[in-house]
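Hydrogens, waters and symmetry mates are skipped; everything else that's a heavy atom, side chains included, is used. Proteins get letters first, then strands, A, B, ... in listed order; numbering begins at 1 in each.
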Amino acid sequence: MTLSLHDTLQGRKIAFEPLTEGEVTMYLCGPTVYNFAHIGNARPAVVFDTLARFLRRSYKLTFARNITDVDDKINKASVDSGKPIDEITARFIKAYNDDMGALGVQLPDIEPRATQHIEEMVEMITTLVDKGFAYEADAHVLFDVSANPDYGKLSKRDLREMIAGARVEVAPYKRSAQDFVLWKPSTAELPGWDSPWGRGRPGWHIECSAMAEKHLGKTIDIHAGGQDLVFPHHENELAQSTCAHDGAPFARYWLHNGFLSIDSTKMSKSLGNVLLVHDLVKSVPGEVIRLALLGAHYRQPLDWSDAAIDGARSMLDRLYGAIRGVELSAQQRASAFVPATVIDALEDDLNTPKALKEMFDLARTLNKSAADDERQRLAAEIQSAGDLLGILQMDPEKWFAGHGEDGLAADEIDALLKRREAARASRDFAAADSIRDQLAEAGITIEDGPAGARWRRNQ
RNA sequence: GGCUAGGUGGCAGAGUGGUUAUGCAGCGGCCUGCAAAGCCGCGGACAUCGGUUCGAUUCCGUUCCUAGCCUCCA
């Protein structure tokens, strides 16, 4: 089987073939850095990090994830807080990478920033004006949607219907309601750069077109982001890039992840249910969050809840429980391969729930097996699959020891276990059970096995 | 209102034109001094109404419902 991916433009799953054999270019729309990332922002980061890991197995991948560091929301945050823009963006760029890092998201190969690509944007806008796809009006430069007959193809929108149904107030300088801003003027207080159209700043969409071209080329293989970016952001990027490049395809595969809700309701500031990753990682292990995000197929809607967190934790308990106590040499670990069943699942449009199912099958076989060599082989395979999904990165003992400093310390637990063992040896089960009760009260569960008793901290 | 996705067992969540998803929870059994973990087994599902078909949860259409987009948004 070969990799197939669901392409938004074609609306179906298609076999993946990169433009250049053996190499893949991928661009993901990253954060606008004016606040901490919320759990909804984390979904594309985790999902496409997983895709990047998978692609790196077979291709030389160049993965770019941009940072939008010029934006009216940032300007507003600066005014509201009284802090300079640079300070705000620097702070939240670091917070974003720290928080995503806690979820096992690896840094992309390139992390281009909008403010460092103003020149490229001005160049592309100039090209669009010269070629008749954009016009200057009232110190703005606008993309002329009517000059691009393909406009609306990605988001499957009919331009005429959109114009007819437009409810928003149309800026007077626009020729058509659907025209969008490439460049807009800045006041003295706002960030701005000199341009052929006066001092100003870029519109939202142009940065991705300009940065994708600079770092990945005129035609990129994969362009990814959240479903809500399909329109207008990606539709506009597509229009700009295609028109600036004389019709050369912009992205060969458009990938969009489904939306995330919280307790079945939309996450929104007004409802006060915006869940920041920055806060969540304080009480929930990063791998649990990551697995909760990968537990549903990336294009499906996902509802975030305590039950979803508990479910992910249970799944990790089961997988860690299977590989716990299986000693692997560094060589065994390094030479292990990812099972074909897991690869097959991921090749089918990144079917992570199916991949997990295959891992559980391996775990069951491992649990049943008494042969050390088979147990080691299976544990190594599960670990390798975990590497691909970005889970099972901890020492199983550490996983079950928990991360809470509260409660009994590990050596206290071990001392109690020793006393219990002694009581059991002399068949004083009342004493043994009283120790077990004492531990249970402290949130410790005992598991007796052939190799003696081991324990786990209840989360 | 328009567009685009969905509606699967108690919950989460894959998949398929006719035999098992899987995880959690529940029930029975094995193991255990008793538990826990693990193993074995069981129950329980494909929103609705039609159509195509020898046969549909799976294809087509209707209805209802949900979400996203149509305005900044992952």
Side-chain angles (χ1 to χ4, degrees), chain A residues 6 8 11 28-32 34 37-48 71-73 76 152 154-158 161-162 164-169 177-178 204 224-233 235 256-261 264-269 274 291-292 294-297 299-303 305 307-319 321-322 324-325 345 348 351-361 363-369 400 423-424 427-430 432-433 436-437 439-440 444-450 453-456 458:
Chain A
H6 181 94
T8 305
L28 171 65
C29 288
T32 301
Y34 68 106
H38 56 65
I39 188 67
N41 300 123
R43 190 175 192 190
V46 165
V47 162
F48 296 114
D71 181 276
D72 287 349
K73 290 192 291 285
K76 184 174 183 303
L154 180 70
S155 53
K156 299 176 175 53
R157 264 159 232 272
D158 187 297
E161 279 179 21
M162 284 174 61
R167 306 177 192 171
V168 274
E169 207 179 314
Q178 308 310 318
W204 174 34
Q227 203 176 56
D228 55 329
L229 292 183
V230 175
F231 188 89
H233 187 50
E235 190 73 61
H256 293 99
N257 63 273
F259 224 68
L260 183 141
S261 56
S264 311
T265 55
K266 183 186 166 120
M267 181 165 46
S268 76
K269 274 182 192 161
V274 174
L291 189 58
L294 294 176
H297 183 83
R299 283 192 287 113
Q300 292 300 120
L302 175 65
D303 189 45
S305 63
I309 295 170
D310 292 343
R313 199 193 306 272
S314 297
M315 288 192 249
L316 284 170
D317 277 343
R318 179 147 172 90
L319 293 172
R324 184 182 195 182
D348 183 13
N351 192 337
T352 50
K354 182 87 185 311
L356 285 166
K357 180 263 186 197
E358 302 301 344
M359 290 174 72
F360 287 120
D361 284 355
R364 166 166 288 117
T365 309
L366 193 167
N367 284 335
K368 272 156 70 165
S369 172
F400 287 112
R424 290 183 73 206
R427 302 195 67 79
D428 182 357
F429 295 122
D433 289 351
R436 187 169 62 198
D437 291 345
L439 285 166
I444 308 295
T445 303
I446 293 173
E447 294 171 16
D448 289 322
R454 61 188 191 187
W455 58 273
R456 62 200 290 179
N458 307 331

State which of B/rA14, B/rC73, B/rA74 makes the closest approach to the side chain of A/Lys354. B/rA14
Counting Watson-Crick and G-U wobble pairs only, both distances under 3.5 Å, name the nucleotide matched with B/rA14, or none. none
Does any N or O in the side chain of A/Asp348 come within less than 3.5 Å of the main-chain N or O of A/Ala345, such that one atom is a donor and the other an acceptor? no
Atom-pair distance (CZ on A/Arg318; C1' on B/rA36), nearest Å: 14 Å
Indicate yes or no: does A/Asp317 engage A/Arg313 in a salt bridge with an N to O separation below 4.0 Å. no
Using the side-chain heavy atoms of A/Lys266, tell me which of these nucleotides is nearest: B/rC70, B/rG6, B/rG68. B/rG68
Among the nucleotides B/rG38, B/rC73, B/rU4, which one has an atom lying closest to any side-chain atom of A/Asn367? B/rG38
Nucleotide forming a Watson-Crick or wobble pair with B/rG1, both distances under 3.5 Å: B/rC70
Would you say B/rC3 has OP1 or OP2 under 4.0 Å from some side-chain N or O of A/Arg157? no
Check every atom of B/rA36, B/rA35, B/rG6 against the side chain of A/Thr445 and return the nucleotide holding the closest atom. B/rA36
Rounded distance in Å - CG (A/Asp303) to P (B/rU66): 15 Å
Does a distance-only test, which skips hydrogens and angles, find a donor-acceptor pair under 3.5 Å between the side chain of A/Arg364 and the base of B/rC39? no
B/rA56 pairs with which nucleotide, Watson-Crick or G-U wobble, both distances below 3.5 Å? none
Separation of A/Met359 atom CE from B/rA21 atom C1', in whole Å? 16 Å
Which nucleotide in the list B/rA74, B/rG23, B/rA14 gets nearest to the side chain of A/Phe360? B/rG23
Taking the minimum atom-to-atom distance to the side chain of A/Arg424, which one of B/rC34, B/rA36, B/rC3 wins? B/rC34
Does a nitrogen or oxygen in the side chain of A/Arg313 sit under 4.0 Å from OP1 or OP2 of B/rG23? no
Checking B/rG33, B/rA35, B/rA37 against the side chain of A/Arg436 (C-beta onward), the nearest is B/rA35
Picking from B/rA14, B/rA74, B/rA21, which would you name as closest to the side chain of A/Phe259? B/rA74
Please name the nucleotide paired to B/rG6 by Watson-Crick or G-U wobble geometry with both distances under 3.5 Å, or report none. B/rC65
Can you measure A/Asn257 atom CG to B/rG6 atom P for me and round it to whole angstrom units? 15 Å
Just to confirm, is there a sub-4.0 Å distance from OP1 or OP2 of B/rA36 to any side-chain nitrogen or oxygen of A/Trp455? no
